[in-house]
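A, B, ... follow the sequence lines: proteins, then strands. Residue 1 opens every chain. Note that the structure is predicted; figures quoted are calculated from it, not measured.
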There are 2 protein chains.
Amino acid sequence: MHQRPHLPGRPTPRQATDEKESALSSQRPTLADVAASAGVSVSTASLAFSGAGPIAAATRQRVLDAAQALGYAGPNPLGRQLRRGRSGIVGVIVGDALRRAFRDPVSIQVLDGITSTLGPMGLGVLLIAGPHDPTDPPVDPLVELAAMDVAVMMWGGTTDDPVLSALRRRGIPTVLVEGSRHPDISVIGIADRAGIADVTRQLLGLGHTRIATVTLPFTNDRSEGLVDAARLDALEWELTRRRLDGVFDAGVQPVAIWETPASLVEHGASAARALLAGPDRPTAVVCQSDLLAAGVVLGARELGLQVPQDVSVVGFDGLDLPWFKPDVLTSVAQPLAEKGRAVGREVARLLEGEPPQSLDLPVELVWGTTAGPAPTV
Amino acid sequence: MHQRPHLPGRPTPRQATDEKESALSSQRPTLADVAASAGVSVSTASLAFSGAGPIAAATRQRVLDAAQALGYAGPNPLGRQLRRGRSGIVGVIVGDALRRAFRDPVSIQVLDGITSTLGPMGLGVLLIAGPHDPTDPPVDPLVELAAMDVAVMMWGGTTDDPVLSALRRRGIPTVLVEGSRHPDISVIGIADRAGIADVTRQLLGLGHTRIATVTLPFTNDRSEGLVDAARLDALEWELTRRRLDGVFDAGVQPVAIWETPASLVEHGASAARALLAGPDRPTAVVCQSDLLAAGVVLGARELGLQVPQDVSVVGFDGLDLPWFKPDVLTSVAQPLAEKGRAVGREVARLLEGEPPQSLDLPVELVWGTTAGPAPTV
DNA sequence: CGTTCCAATCGAATCGATTCGACCACTCGC
DNA sequence: GCGAGTGGTCGAATCGATTCGATTGGAACG
């Protein structure tokens, strides 16, 4: 693992200290080389690049020319970072393997909002996968080892999340997206519980009495199926619980609670196949995400049911799904990009040394074509 | 911008050098603090953490205990990185704003392959957006400034890409995904040209004579519509050209070439509306991606056409689109995750100091339900 | 009992920058 | 003509680790 031909990294430590520096200059040039070549001190050369301090235009140009001649592409970020005590990196931990996490447009849009806010601040996003494969270590080594000034956890997770405690141990300020309220941690959330309660009440107003609900995962173990009382007790994910509570808040006792292993169309479809096949099927299904809802609609159609004539379906997120056209999901829309931007702003605040501040964004009911009056039996 | 209350970063530079070190230890502890507290030298303390060298178990434990007591969470990555000359970071530049780039499952799956290969090697992925908004600077500042050991460009781009030259200037080894063959740069590609030629020949064999093709973007300017000779000359993206050449290779002169601004369902749909409305419509459409193909199918259905009875549609990528069920796109499947893994392996090679090595992965024809014999007129 | 050898430990150099305070000419104003 | 002020430059300390070579103590060996 050591004796490779010629690494870009550290070469042999025996540098010709008493030789002419530029003699064996196959190494990458440093600021010191540039300074020497320009005939100025290192500090002056630094000034030429950073612009932090007074410097004569001529000197500056001389340094820049020398840099050009030596093929020096600017100060080494590693040196700068060590000195500054900042890496300029924000670790973003997504709640799953990337290919699964990002099949959900929700994460993508939030991530886009985050990067577009952080970018102009000179911060980069380090992508870290969350816990997924049970054979993996519970926390990605990057969480323990990578340099980051702030961390963002893209899924609220549970309160005693090992990732969260690792970050805490390292003293890395953290922003939770849709987590549970935590005393000294920033949580950027949405009014999902109230939003779900609202849309559920609308369904009640339309005469629905047999209402089922299709939920996001309860825990990391990714199981699928009908939820009984025991399972309900085992619910760990705060997000799932909040949205479920929204249904309860409307005074509804669902005729069925179906847990899915991920927010994906196919899992909505299988939920539909299970829930809507029997004779006493529900007349409305409240889903905790739009992808699930879309899946339920597709599944219902497979069964020969019409939406919304035979069954109403509502989702959550307010996604724009081009392949769903001309139908439009009835859904509780959350401001996805704004959520990302809010995260970005909170990251900035933390970097400034401000205390954590949580925030709840509003949601908005979007009445589409997938929900309507309960069928008259 | 300077006088904030208490930053996590560098505080006041006036440290009590002649004081007791642990006196005003509100600062984060360093390895030196731990060493002092454990009564060993800094080098020994380092050994206790890195395990690189012989150390007595008892000593090691003493250091670890001291660290625990001080709340020292392990060596500061910044110091380590500077010393090692490596940041452990791989910059991945996606070809667009994240929200657009990642609406395409192709990028996501490749990215997943990359991270899952890089992760076990202790490397992290720094996400960098490619050029998208024309008002933005042509290269993201991160490309110029961020610390990275290797860069991956997720879209081949053009040969004289400004991002590529910036990386070159910085001397950062680079891996191109689906780029044009470059002498001293690693390119991980697929046999897309041959694959498209193959599927096009199949269409010929099925009696199709009027074949149109729907392409990926020609340039960064994101225009949409029929391509004339002038526009064909302006084609910059190598990827688009290769797949187009595949059609030509089969001896087909397309009755229409339609350029889309991105690989998205809706752009496929508008292509269909434009291409399939007239009386002399093509009987087959070759699309450069599956999302485009799916869009074409949906668009065709909107026009009242049946697929594949009235028009055959083939795609490229071999995606699994749950919402497209029970239909299955006829497509040229590429090994997406394997592509990502190949990128990861090549990154590893470059880090070892090996010379760049390019690679072409095979594709496989998947015959689905969206292509069939040409309609008998 | 004197060597030899090895494991364990330490000191010091080093990575590549930033930044503070000192210093040196100048110019300006009186 | 002299002190104050200032723009420009430099030296040196510093960030937090890693690592090489030297040193030490004790066990094994002849």
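- Regarding contacts with the backbone of C/dT19, a side-chain N or O of A/R84 is found under 4.0 angstrom from either OP1 or OP2.
- Judged by distance alone, with hydrogens and angles left aside, the side-chain atoms of A/S37 form no donor-acceptor pair with the main-chain N or O of A/D33 at under 3.5 Å.
- Rounded to a whole Å, the CZ atom of B/F49 is 15 Å from the P atom of D/dT19.
- Under the 3.5 Å distance criterion, the side-chain polar atoms of B/S165 are left unmatched by any main-chain donor or acceptor of B/V163.
- With rounding to the nearest 0.5 Å, the separation of CD in B/E346 from CZ in B/R341 is 16.0 Å.
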Contact pattern, 5' to 3', of nucleotides 7-12 of chain D - B, S or - by protein heavy atom under 4.0 Å: -BBBB-

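- Sorted by first then second residue, the side chain to side chain donor-acceptor pair (under 3.5 Å) pairs that include residues 46-62 of chain A, not counting sequence neighbours, are A/Q61-A/D65.
- When each of B/D161, B/T174, B/D184 is checked for a side chain to side chain donor-acceptor pair (under 3.5 Å) with B/R168, only B/D184 meets the rule.
- No side-chain donor-acceptor contact under 3.5 Å links B/R80 to the backbone of B/S87.
- Evaluation of the side-chain contact (heavy atoms from CB on, under 4.5 Å) rule for B/E144 yields B/V139, B/A166, B/R169 as partners, not counting sequence neighbours.
- Sorted by first and then second residue, the salt bridge (charged side-chain N to carboxylate O under 4.0 Å, His left out) pairs involving residues 41-54 of chain A (not counting sequence neighbours) form an empty list.
- Taking every side-chain heavy atom of B/S46 into account, D/dT18 is the closest of D/dT18, C/dA17, D/dC15.
- Computed from coordinates, the B/R80 CZ to D/dT18 P distance equals 5 Å when rounded to whole Å.
- Here C/dT19 presents its P atom at 12 Å from CZ of A/R86, a figure rounded to the nearest Å.
- Each end of the helix from C/dC1-D/dG30 to C/dC30-D/dG1 gets its own rotation axis from five pairs of C1' atoms, and the angle between them is 40° to the nearest 10 degrees.
- Look at A/Y72 and you won't find any side-chain N or O under 4.0 angstrom from OP1 or OP2 of C/dG16.
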May I have the list of side-chain donor-acceptor pairs in residues 116-127 of chain A shorter than 3.5 Å, sequence neighbours left out?
from: A/S116; atom 1: OG; to: A/D112; atom 2: O; distance (Å): 2.8
from: A/S116; atom 1: OG; to: A/G113; atom 2: O; distance (Å): 3.2
from: A/T117; atom 1: OG1; to: A/G113; atom 2: O; distance (Å): 2.7

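- OP1 and OP2 of D/dT14 both lie 4.0 Å or more from every side-chain N or O belonging to A/R83.
- Atom-to-atom, CG of B/L82 to P of C/dG16 comes out at 7 Å; the value is rounded to the nearest Å.
- When the C1' atom of C/dG16 is taken as reference, atom CG of A/L70 falls 15 Å away, rounded to whole Å.
- Rounded to whole Å, the distance from CG on B/D33 to C1' on D/dA17 is 13 Å.
- The separation between B/N76 atom CG and C/dG16 atom P is 17 Å, rounded to whole Å.
- When the C1' atom of D/dG16 is taken as reference, atom CG of B/L78 falls 9 Å away, rounded to whole Å.
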